[in-house]
There are 2 protein chains.
Amino acid sequence: MKKKVTLKQMARELDVSISTVSKALRNSKEISEDTRDKVQAFAKLYNYRPNNIALSLKNRKTKTIGIIIPEIVHHFFSKVIRGIELVANKRGYNVIVGLSNESFDKEVINMEMLANGSIDGFILSISKETLQQQDYHHFNETISQGMPIVMFDRVVNEINCDKVIVDDILGSKKAVNKLIETGCKNIAIITTKDYVSVGRLRTQGYLEALEEHKRIPESRLILKVDDKLVSEDHLEVLETEIELLFEQNKDLDGIFAVNELYAIIAMKVARKHNKRIPEDIQVIGFTDGVLSKHATPSLTTVSQHGQKIGEKTAVLLIDKLENEDEEERYQTVIIETELIERESTK
Amino acid sequence: MKKKVTLKQMARELDVSISTVSKALRNSKEISEDTRDKVQAFAKLYNYRPNNIALSLKNRKTKTIGIIIPEIVHHFFSKVIRGIELVANKRGYNVIVGLSNESFDKEVINMEMLANGSIDGFILSISKETLQQQDYHHFNETISQGMPIVMFDRVVNEINCDKVIVDDILGSKKAVNKLIETGCKNIAIITTKDYVSVGRLRTQGYLEALEEHKRIPESRLILKVDDKLVSEDHLEVLETEIELLFEQNKDLDGIFAVNELYAIIAMKVARKHNKRIPEDIQVIGFTDGVLSKHATPSLTTVSQHGQKIGEKTAVLLIDKLENEDEEERYQTVIIETELIERESTK
DNA sequence: TTGTACGCGTTATCAA
DNA sequence: TTGATAACGCGTACAA
């Protein structure tokens, strides 16, 4: 077992000073060709690599990005991570992941753990509990300590930082417009409670689309699910609520769901009610995950381009890290959504 | 913007030495109560937290685990990460993620990047390219440098390290047995080429199950997919191959697929051929992901308990890290699979 | 051309 | 009770 070799050890072996070794390795021409070659050969032999931690301490940079997300077993978030990792790696950064599991406390603890020198900046999406409690002190503190944050998807206006979001309103309007144009008369929305920002915005898009077509939104067609009840184990609750929606609205012929799971379950219920998709009822979801693509019929959906979101957040963060002196301007980048048409619509 | 405060700064402000501050904060009773209180109050005020990097350098431990996986947009792998993160956090560790993207080079680069002091040990699953090239020098090198590795799922015997795997053979046998017992006469398997270890093992389980029931495996019923062709964009290739399987075997009444995607597509093809599931043909997959759960009909599948696998790898690694002097015994832990019965079987 | 000294932030040891 | 010093591993300004 040959342990990692350090400058010091090599210096001792070669009977020169540490700084000579250091300089020789960095090809400084202060050093004679002779010793340079000797040192480099030795270093190669022992497979020397500078210690990241020592470098971090010295440079006061870790070249590491901290990601805090609510959940990793989730197509959208993992796509975002993939995007972040892609550009981070390309620019010589590593990525360290913390999961808040939708909990305020875990979010805070995780951030504190990483903020003490482990990383250079954060990329994060806010947990539901935090959104509900509206307690954002931990974000403000890290920012005021000089550690930049880039938020994505679940963001909040109160915080002064770069943001990357999806055009939720526009995306929803595209979806609802599609339903209207293909002849739907009674379009329901299955959405979340309003404290989830993306749910609220997508609902708003739905309302605006209807109004632009001179239609009057009807509360009987709006189902706001409390998604604390929609954990893996409580899907029946969701299904029951959607059942009710169907039974109370026999004339239903279009559904817009703010995520793909809601949409898939809506299709299931539709089938139970012997409605053909898309002939009798059309369905559109939000978020382009595996479910949408491989469902039967495959689901028309609003794609958020998670990977692109991730890439953009990473670019923003790294640019900020590498141009410290820059003026303090924060931008909010909007990534366009795209309506991917599949079999669940005409 | 109040930057992070250090021992040195506090020492200067309070007009004491650095070591006094350090001791006072750690409640050393060498220090008088007076100064102790004074220092602690000051530290609290300025929200002092020791710098992780400095601690890492001093202790030669980073309290960080490096994860290298082939792909993160994948239900199984993200479940494993969740499991790792869960126990890692509980035991005071962070988790840093590198993606190999199934490429040998990226795997090597990522490992080198992390091995130079950034982490204390690795948890990883081998990329397909590495498995194919059978070049494992990077694993052996990191191990011989004294950095422990725990492998999971895609492992290889040649490497001397802890491993956590699934009872792939037994899991497959459970699945095939189920098909046999519910009356299937002609059971096909849709699997991968043999260099993917889990594919090979699952195929083996299929063969063994048949033999134990005195059935002779028939090559016409064995479809080995080259999954370099089954990237997101080439699913049609897969579908075509499965079509062929159906057309050449009109008597097909059972399918065992080594992952859920293959199974879902098989169901799709079955429907195209007007075969009812499960009446005319039964289908079982491997890996319990969202697709299985929400497909119609929902898919009977062999669950691998990804989260449990992740938890176990983390326990093994951290135990090893915290008992350095332990004897060098490597274990291979097998996590039991479970057949989750849903609508695609009788 | 090579070596010494310093600093990054901590803690531990030993001296005052 | 407090403080000075060394050490973790590295790079660099400055001295020899």
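Lettering follows sequence order; numbering is per chain, from 1.
Atoms CG (B/Asn52) and P (C/dT10) sit 10 Å apart, rounded to a whole Å. Rounded to a whole Å, the NZ atom of B/Lys63 is 16 Å from the C1' atom of C/dT10. In this entry the distance linking CG of A/Asn116 with P of C/dT10 reads 10 Å, nearest Å. Residue B/Lys23 contributes atom NZ, which lies 7 Å from atom C1' of D/dG3 at whole-angstrom precision. Distance, B/Asp34 CG to D/dT2 P: 8 Å, rounded to whole Å. Going from atom CE of A/Met10 over to atom C1' of D/dG11 covers 13 Å, rounded to whole Å. Separating the CZ atom of B/Arg49 from the P atom of C/dG9 is a distance of 17 Å, rounded to the nearest angstrom. Distance CZ (B/Arg26) to C1' (C/dA12): 10 Å, rounded to an integer number of Å.
Heavy-atom minimum distance, A/Phe152 versus A/Ile69: CZ-CG2, 3.8 Å.
Of all nucleotides listed (D/dG11, D/dT2, C/dT2), C/dT2 comes nearest to the side chain of A/Ile31. Minimum atom distance to the side chain of B/Pro50 is reached by C/dT10, of the listed C/dT10, C/dG3, C/dG9. Here the side chain of B/Tyr48 is nearest to one of C/dT2, D/dT2, C/dT10, namely C/dT10. Comparing D/dC10, C/dT1, C/dT10 against the side chain of B/Asn51 picks out C/dT10 as the nearest. Comparing atom distances between the B/Lys58 side chain and each of D/dC8, D/dA4, D/dT12 picks out D/dC8 as nearest.
Contact annotation for B/Thr35: backbone-only contact, meaning every heavy-atom pair under 4.0 Å involves sugar-phosphate atoms and none involves a base. Contact annotation for A/Ser22: base contact, defined as any heavy-atom pair under 4.0 Å involving a base atom. Contacts of B/Leu55 with the nucleic acid, taken as non-hydrogen atoms under 4.0 Å apart, involve only primed sugar atoms and P, OP1 or OP2. Among the heavy atoms of the strands lying under 4.0 Å from A/Ser19 is at least one base atom, whether or not backbone atoms are also near.
Mapping A/Glu30 and A/Gln9 onto DNA chain D by nearest heavy atom places A/Gln9 at the nucleotide closer to the 5' end.
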>> Apply salt bridge (charged side-chain N to carboxylate O under 4.0 Å, His left out) to residues B/Lys128 and B/Glu71 and explain how you reach the verdict.
In response: CA-CA 11 Å; B/Lys128 280 185 196 152; B/Glu71 170 62 271; over 6 Å; no
>> Checking A/Arg91 against A/Asp319 for the salt bridge (charged side-chain N to carboxylate O under 4.0 Å, His left out) test, could you report, in this order, the C-alpha distance in whole Å, the side-chain angles of both residues, the deciding distance, and whether it holds?
In response: CA-CA 10 Å; A/Arg91 296 181 65 168; A/Asp319 281 353; 3.1 Å; yes
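Listed pair B/Ser32 / D/dT1 fails the phosphate criterion, with no side-chain N or O lying under 4.0 Å from OP1 or OP2. Remark: B/Thr20 is in phosphate contact with D/dG3, judged by side-chain N or O atoms under 4.0 Å from OP1 or OP2. Neither OP1 nor OP2 of C/dG7 sits under 4.0 Å from any side-chain N or O of A/Arg60.
Using cut-offs of 30° and 60° on the angle between ring planes, the pair B/Phe76 and B/His74 is perpendicular.
For the atom pair CG of A/Asn89 and CD1 of B/Ile109, the computed distance is 8.5 Å after rounding to the nearest 0.5 Å.
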